[in-house]
Structure formats: C-alpha cells, structure tokens
**Q** 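This is the structure I want to talk about, given as structure tokens.
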Amino acid sequence: MSLRPNIKHLTRIRSLPHHHHRAPPPPRQDPYTLLKEDPIQVISELWVRTFSSPSNKPITNLTGFLSKLDLWVLAYQRTVAHVTGSFPARNAIHSPTLSHLLSLRNAVVQGHFNWNMKTQIFIRSPNERPITQFTSKRKIQSILSSNTPPFQDRVVQEVLLMILEPVFEPKFSSKSHAFRPGRNAHTVIRTIRSNFAGYLWFIKGDLSGILDNIGANVVMGCVEKGVRDRKVLSLIKSALGGPERNRVQRGEDCEKKVKRKVKKRNSTRKRILNENEPKPDPYWLRIFFDFAPEEAAKVPNYGNCGILSPMFANLCLNELDHMMEERIVAFFRPCRFDSIWKDSVNDGCHNPSWPEFVPASGREKTRKMDYIRFGGHFLIGIRGPREDAVEIRKDIIEFCDGKYGLRLDNTKVEIEHISRGIQFLDHIICRRVIRPTLRYTATGGKIFSERGVGTLLSVTASLQQCIRQFRQLKFVKGDRDPEPLPCTPMLYSGQAHTNSQMNKFLETMADWYRYADNRKKIVGFCAYVVRSSLAKLYAARYRLKSRAKVYKIASRDLSGPLRESSNNAAPEYSDLLRMGLVDAIEGVQFSHTSSIPSCDYTPFPRNWVPNHERVLREYIRLQDPKFFCELHRSIKRRGLSLPQDEISDIVWDYKTLGVRSYMSNSEKETKNASEEVMLPL
C-alpha cells in the first residue's frame, strides 16, 4: 500500500468538522463600568431596610449585595488600611487591582472560591510581591503551612461583615455590649453605675468555654434564623469548618519550633524589618493591649471566619440574652413601701442625677433583677434573697446545657455578695453606707432639708490588677510596695520619642479609667511607675548613676534635655532645637495630682441606645406618612413654623421688599413693642 492514500485519509480526517470544541471564553468585563453606586449609600439603605422590617423575619436576597463591585472596592480599602495602616483613596486603586477584585467577586458569586487557598490567589496585599521567579519547594511548603490567612480571605470577610452586620444588629439584645458598633466596655461600666444600684447579690458568669467549644452546626443554626440566602449560607458554612481547624492542630504540633525561634529573636538586640514588612504597633499601644481585662482579652475565632467570629459569638449568645430579658420581667415584684422601682421594670431611676445612691427602705423590698453581658462574660444583679440567685444560676446552667450542649460548672457561674466586692472589667463594684443631707422643694415652694440614710454604689479601678499587669510587663517588682524597673525596651530611643510614647500610654490609661471613682489615684500610680521607670532608664543611658540626678537636670516631668557627662563637646540642646536637628521634648504628663482629671459622673440614660440606632429609628419614623402628617398638624396646632416656611417667607420678603427693607421676626417684635410703648405718649 502506498503512502499517498494514507496521507489523503489523514487530511480528510482533519478537514472533518469538530463538534466537541471548547466554548469561546466570555468577554472580559471592564471593572470601571460596574462602579456605578456609592457603597456607603448602599450599606445605609440596607441598615434602614433591616431596622424597618420585623426582627423575626429572615432576609432572603443578599446575593445582589454580594454582586456589587462597589462593596468589594470598599472592602479592599478597609483591608488595605488594616494591613498597611493607611486608607487608600478610591481613585488611587489601579486598573489591575480592580480586575483582580472583579475576578475574586466572580469566583465568590459563582461558588468557585475556597477559603485559605494559598495556591489560587486572586488578589494580593500591597506588601506582597508577585511570584515571578522559580520558587523552591521549601519556600512553597512554608507558605502552605503558615498560620497567616491569605489577603483575599480578609477581603471576603469584610464584604460579608458589611452585609451581615445590618441584618443581625436589630436582632441583638440591648444587654449585649461587646463587638458591636457604638458599644464598648465604657458603656458597660456606665450602665452598671446607673442601673445596678440597690442590688445585693451578683452572679458573675464565664461563658468563654462555650464560645471556644461551640459546634459549627449550632452557629449555622443561629445564622439560618436571620439569613435565607443560599450562596451566603454556603459561603459561611465553608468558612466555619475546614482547613483552619486543621491549621490550629498543626500549630499545636509545631509549638516547640516556635519557642526556639522566639528564643533566638529575643537574643538579638535590634530587629530589622524586611522591605515590604509592615511596621509593628507602637510600643505604647502594645503596652495598653497587655492591660486588657480578662473579659476583653480573648476574641473568638471560628474556622476561617476571622473578623466575622465575634458577630457569630454574639449571635449564638443572643438567645441567652433574650431568655434573661424575659426572666427579668417575670422576676419583677414591686413594693409600694420601697423607695425605688415602684411602678414597672422599665421605669426611670428615683434620682437620675444621682443614680448610684439608694435611700434606705424597710424590711419589704422590691424584687428586681438586671443583666448585662460583655463577650463571653455576664453580670446579673439581684435585689432579693440568695435563694433567688441560686435558682437563676440553675436555670442558666440548664439553658446552656440544652441549647449549646455544654454544661457549666458552678465555679464558672459564681454568686457573690456586694459587700465582698465584684470585679468586672478590672473595676470593683461595691457599696458603702452614707448619710447625706437631702434637700427637696415642697408644694408651696419651700425648701426642706433632712438627714437621709442610704447606700452608694461605688465603681473603682482595681489597683492590685494594675500592679499585676505592670509586673508582667517588667515595669515593677514586688506586690505590696512595688519598685519600678527601668524601661529597657526604649533603650535605643531618644528622650523626645520615649517621652511622647509614654505620654500616649498615660493618656490612654486616663481615658480607660474615665468612669472609675478612684481615677486620680490609679492614674497617678501609673504616672509614678512610668516616670520612675524612665528616670532609671535615663540614669543608665546617660551615666547619671541615680534618679535624683536625672530629676535634678530634667526636672520632675523629665522635660529637660539630658546628655552624657563625658561628652562636653556636644552642642547645646537649644541650638540644635533652633536648627531643627532635634525634636522638642515633651514632659511626662500627670506629674502632679492636680493635673489628673477627675471621674466623669455624667448621668447615663437608663434605656440608652447608641447614636446610630437612634438616628435610624428617627429616620424610619419620619419616612412614615402618617407620623409625618401628625407631626405637621401638631406643629400647626401649636402655632410653630417649619424651617421650610421661614425660608420661603425670607425669600419672598427679599424679592418683594428688598434687602434693606427686610426685617427679621425679632426686629419686627421689637418694633411692635416700641410702637405699643409710644402709643400712650
């Protein structure tokens, strides 16, 4: 057989039509054509929509928000600000970055996105370099086994947080104050000061064990009660379980290797950052984070959820909050012989300007209870016998056992009397008996004064806890009479930089203890420790041998310039400061007790809500046509004028009478009054 027929046969096969060809790739989208809306406006409309709808109704269509590229750009900006410390402008984002964001959005919407996938990177951090050269097997293995999640995971978490936070915020209880916008530890302390006066027994609970060991099915069950969108639920379900939990186990196995690396790093004096490595937090901020109380030191983390985990923790404990709200209403038993809480469970305090004072009552007292929670820790105040506190603790343990599948020990739910002092958020809640002079105005206008007896709720900062934290940071040694130690981490910093860092720390500590009764005492102790520690550091650095010589040269607040005694040829500090070669040295703050601010006793409303919630409620009410018509009628009925009417009158007077002949309402009233006075004359 010749070769020519075979060649003809092959050419005939090649010329046949190929039915199983690949589909042509879809046309590439231009990301600039998809940026049509303001992301802040989109999120605001979602907040208004969720607060307007009933809290029991789940939200169904969230995929539309997940598909908006404007939200992804805002999420990218927030993530870059978290990584680099600077918020990039929207018009400064380059076109390749927008294309990468678009591909990430398409992967999430189409269901092709996988959490913690370090081999399939859609978008990188600005500090990361793209891998263009050959990478060794060891480096690839170190990248895959690292505990740092990819940058794109944080972007997806930011998008989900912007979408889910407005959905769950209206459903949360007002008794929860952690990991929520507008609420923090200060609102907890102010609520305790205004609402927990008069309680005798306190239940202090620790639910951190539940938050650490709660199952993914329980979390998904709580999420499904508020969200019915399949794509969002599948994305959350894949984030709750999977590679993150395995990575935690690998971290436990490699604990010894990490310890060895830490020892080697500690042995070096200075650490040089890499080219694209972000700068660490400043020293004063790291010190303040170490002062975080036990209730706020631990942040929950579920799988690959990251920044979504605190919201999911609040969502799981939200049912406990609503159960306690129902129990508060059922527990209330008013007594007409009592001095407070005579009408209802939500009535105002007997004295809003002095809510900490409770006048003495007879043997019969109102049975009342209040509850507040910060993260995985809660506090319950009870006005009644101890048997009621024991029964409430039993109900809480049974509820947690049935709902979360974890049984709490009695040591995690302790009952304490207020006379012993209850520590919560590093503040001690106690009471003392006082006999103030009470003045009140009778019906005839006469002012009467009488000697009263009552108890005063005291919220003070824990000095022992503050000493313990300073001792852990190696600022002091000893317990009863702590001796300051030199601040060695600032050994290589200049005097101006060191003083400014410590001033920021002292300002932050003064703000943290803002609502403590002993604010002057606790902030003065912190200033003494910092000032003495810096004086010892400067004595060692400039070879001055003692703190007394440092105070003699630099004064009490360490604002005077210091230099080594052997270096006499150095130029004067004033000359260097005038030439701009050195920074001005700030004195250490709070060197005198008179400069320390006092406790802030501003009254806190009993039924307080954050400003953004109050604005949302008012906006929703104004959008209702019935309410707006009633408001307009009431204004007309009272003879008041709307701002729009006044502006229209001003414009009409300007057009008809002119600028010079126009008179305001106050000028018209004064003119009419003068004419009435002149009439009798």
Side-chain angles (χ1 to χ4, degrees), residues 55-56 58 160 164-165 167-180 183 188 202-228 233 236-242 244-246 248-249 294-328 330-331 369-380 382 389-415 424:
S55 58
N56 299 328
L160 288 176
L164 295 177
E165 192 176 43
V167 175
F168 293 126
E169 271 296 321
K171 299 177 174 57
F172 286 156
S173 170
S174 60
K175 306 293 184 181
S176 172
H177 288 256
F179 314 122
R180 297 182 60 188
R183 294 177 169 88
V188 175
F202 284 81
I203 302 177
K204 183 181 175 182
D206 183 7
L207 304 176
S208 57
I210 293 178
L211 296 181
D212 294 340
N213 302 317
I214 196 169
N217 296 330
V218 179
V219 179
M220 280 302 302
C222 297
V223 174
E224 289 173 355
K225 292 181 180 179
V227 177
R228 294 290 176 85
L233 290 177
I236 296 173
K237 188 175 182 180
S238 61
L240 285 172
E244 183 75 15
R245 297 184 181 273
N246 299 332
V248 172
Q249 294 177 359
E294 178 187 0
E295 294 82 2
K298 199 169 187 179
V299 179
N301 188 13
Y302 303 136
N304 291 305
C305 292
I307 58 177
L308 298 172
S309 301
M311 182 178 61
F312 291 157
N314 277 332
L315 190 62
C316 294
L317 297 179
N318 188 43
E319 298 189 12
L320 175 64
D321 300 339
H322 289 297
M323 186 273 290
M324 290 304 303
E325 288 180 349
E326 296 175 358
R327 190 62 191 268
I328 288 172
F331 186 83
M369 178 176 64
D370 210 336
Y371 164 86
I372 196 169
R373 181 177 63 83
F374 187 85
H377 299 259
F378 66 85
L379 188 68
I380 301 175
I382 300 172
V390 174
E391 184 179 355
I392 293 169
R393 178 175 66 177
K394 182 180 177 182
D395 294 343
I396 292 174
I397 293 175
E398 291 179 355
F399 178 84
C400 294
D401 188 13
K403 183 64 182 176
Y404 309 114
L406 296 172
R407 187 168 185 83
L408 296 173
D409 192 8
N410 287 341
T411 58
K412 297 293 183 180
V413 189
E414 298 178 348
I415 300 176
F424 196 73

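This is a predicted model, so every value here is computed, not measured. Throughout, residue positions are numbered sequentially from 1 according to the sequence presented.
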**Q** Which atoms form the tightest heavy-atom contact between Leu240 and Ala216, and what is the distance?
**A**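 Of all heavy-atom pairs spanning Leu240 and Ala216, the closest is CD1-O, 3.9 Å.
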
**Q** Working to the nearest 0.5 angstrom, can you tell me the gap between Ile415 CD1 and Arg393 CZ?
**A**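 Atom-to-atom, Ile415:CD1 and Arg393:CZ are 4.0 Å apart.
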
**Q** Report the distance from atom SG of Cys222 to atom CZ of Phe168, rounding to the nearest 0.5 Å.
**A**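 Answer rounded to 0.5 Å: 9.0 Å.
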
**Q** Can you find a pair of side-chain heavy atoms, one from Pro300 and one from Phe179, that are under 4.5 Å apart?
**A**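 Side chain of Pro300 against side chain of Phe179, heavy atoms only: contact under 4.5 Å found.
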
**Q** Could you state the interatomic distance from CG (Asp321) to CE (Met324), rounded to the nearest 0.5 Å?
**A**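 One gets 9.0 Å once the value is rounded to the nearest 0.5 Å.
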
**Q** State, yes or no, whether a side-chain contact exists between Glu295 and Lys204 at a heavy-atom distance under 4.5 Å.
**A**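 Result yes, sub-4.5 Å side-chain heavy-atom pair found.
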
**Q** Ignoring hydrogens and geometry, is there a side-chain-to-backbone donor-acceptor pair from Asn318 to Lys171 under 3.5 Å?
**A**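 Checking the backbone N and O of Lys171 against the side chain of Asn318, a donor-acceptor pair under 3.5 Å is found.
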
**Q** Decide side-chain contact (heavy atoms from CB on, under 4.5 Å) for Met323 and Asp395; before the verdict, give the C-alpha distance in whole Å, the side-chain angles of both, and the deciding distance to 0.1 Å.
**A** CA-CA 10 Å; Met323 186 273 290; Asp395 294 343; 5.5 Å; no

**Q** A side-chain contact here means heavy atoms from C-beta on lying under 4.5 Å apart; do Leu207 and Leu408 qualify?
**A**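 The answer is yes, as the side chains (C-beta and beyond) meet within the 4.5 Å cut-off.
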
**Q** Whether the side chain of Asn213 engages the backbone of Gly209 through a donor-acceptor N/O pair (distance < 3.5 Å, no angle test) should be reported.
**A**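 Present.
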
**Q** Could you work out, with salt bridge (charged side-chain N to carboxylate O under 4.0 Å, His left out) as the rule, every residue matching Arg228, not counting sequence neighbours?
**A**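 Salt bridge (charged side-chain N to carboxylate O under 4.0 Å, His left out) list for Arg228, sorted by chain: empty.
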
**Q** Could you work out, with side chain to side chain donor-acceptor pair (under 3.5 Å) as the rule, every residue matching Asp409, not counting sequence neighbours?
**A**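 Asp409 satisfies side chain to side chain donor-acceptor pair (under 3.5 Å) with Thr411 once adjacent residues are dropped.
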
**Q** Can you tell me how far CD1 of Ile380 sits from CG of Asp370, rounded to the nearest 0.5 angstrom?
**A**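 Interatomic distance, Asp370 CG to Ile380 CD1, rounded to 0.5 Å: 9.5 Å.
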
**Q** Look at the aromatic rings of Tyr371 and Phe378 and report parallel, tilted or perpendicular, splitting at 30° and 60°.
**A**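 Tyr371 vs Phe378 ring planes: tilted.
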
**Q** Taking all non-hydrogen atoms of both residues, which atom of Lys225 and which atom of Glu319 are closest, and how far apart?
**A**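 Closest approach of Lys225 to Glu319, heavy atoms only: NZ-OE2, 2.6 Å.
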
**Q** Roughly how far, to the nearest 0.5 Å, is CG of Leu317 from SG of Cys400?
**A**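 If we round to the nearest 0.5 Å, Cys400:SG and Leu317:CG are 8.0 Å apart.
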
**Q** Is the closest side-chain heavy-atom distance between Ile382 and Phe202 below 4.5 Å?
**A**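 Result no, sub-4.5 Å side-chain heavy-atom pair not found.
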
**Q** Can you check whether Ile203 reaches Val413 side chain to side chain, under 4.5 Å on heavy atoms?
**A**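 Yes. Closest side-chain heavy atoms under 4.5 Å.
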
**Q** Output the distance between atom NZ (Lys412) and atom CG (Leu406), rounded to the nearest 0.5 Å.
**A**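 One gets 12.0 Å once the value is rounded to the nearest 0.5 Å.
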
**Q** Is the shortest heavy-atom distance from the side chain of Ile236 to the side chain of Leu164 under 4.5 Å?
**A**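 SC-SC contact between Ile236 and Leu164 confirmed.
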
**Q** Are Lys175 and Glu325 close enough for a salt bridge, meaning some N to O gap below 4.0 Å?
**A**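 Looking at Glu325 together with Lys175, the answer is no, because their closest N to O distance does not fall below 4.0 Å.
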
**Q** Considering all heavy atoms of both residues, which atom of Ser208 and which atom of Asp206 are nearest to each other, and what is their separation?
**A**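 Between these two residues, the closest heavy atoms are OG-OD1, 2.8 Å.
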
**Q** Of the non-hydrogen atoms in Glu294 and His377, which two are nearest, and what is the gap between them?
**A**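 Nearest pair, atom of Glu294 first, then His377: O-NE2, 4.0 Å.
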
**Q** Determine the minimum heavy-atom distance between Phe331 and Met369, stating which atoms define it.
**A**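 For Phe331 versus Met369, the nearest heavy atoms are CD2-CB, 3.6 Å.
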
**Q** Has the side chain of Asn314 got a donor or acceptor atom that lies under 3.5 Å from a matching backbone atom of Phe172?
**A**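 Not confirmed, Asn314 side chain does not pair with Phe172 backbone.
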
**Q** Which pair of heavy atoms, one from Gly306 and one from Asn301, lies closest together, and at what distance?
**A**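 Heavy atoms only, the tightest pair is N-OD1, 3.8 Å.
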
**Q** List in chain and number order the residues that pass side chain to side chain donor-acceptor pair (under 3.5 Å) with Glu169, two or more places apart in sequence or in another chain; answer none if no residue qualifies.
**A**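 Expected list: Arg180.
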
**Q** Looking only at atom types and distance, does a side-chain atom of Ser309 sit under 3.5 Å from a main-chain N or O of Tyr302, one as donor and one as acceptor?
**A**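 Yes: the side chain of Ser309 pairs with the backbone of Tyr302.
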
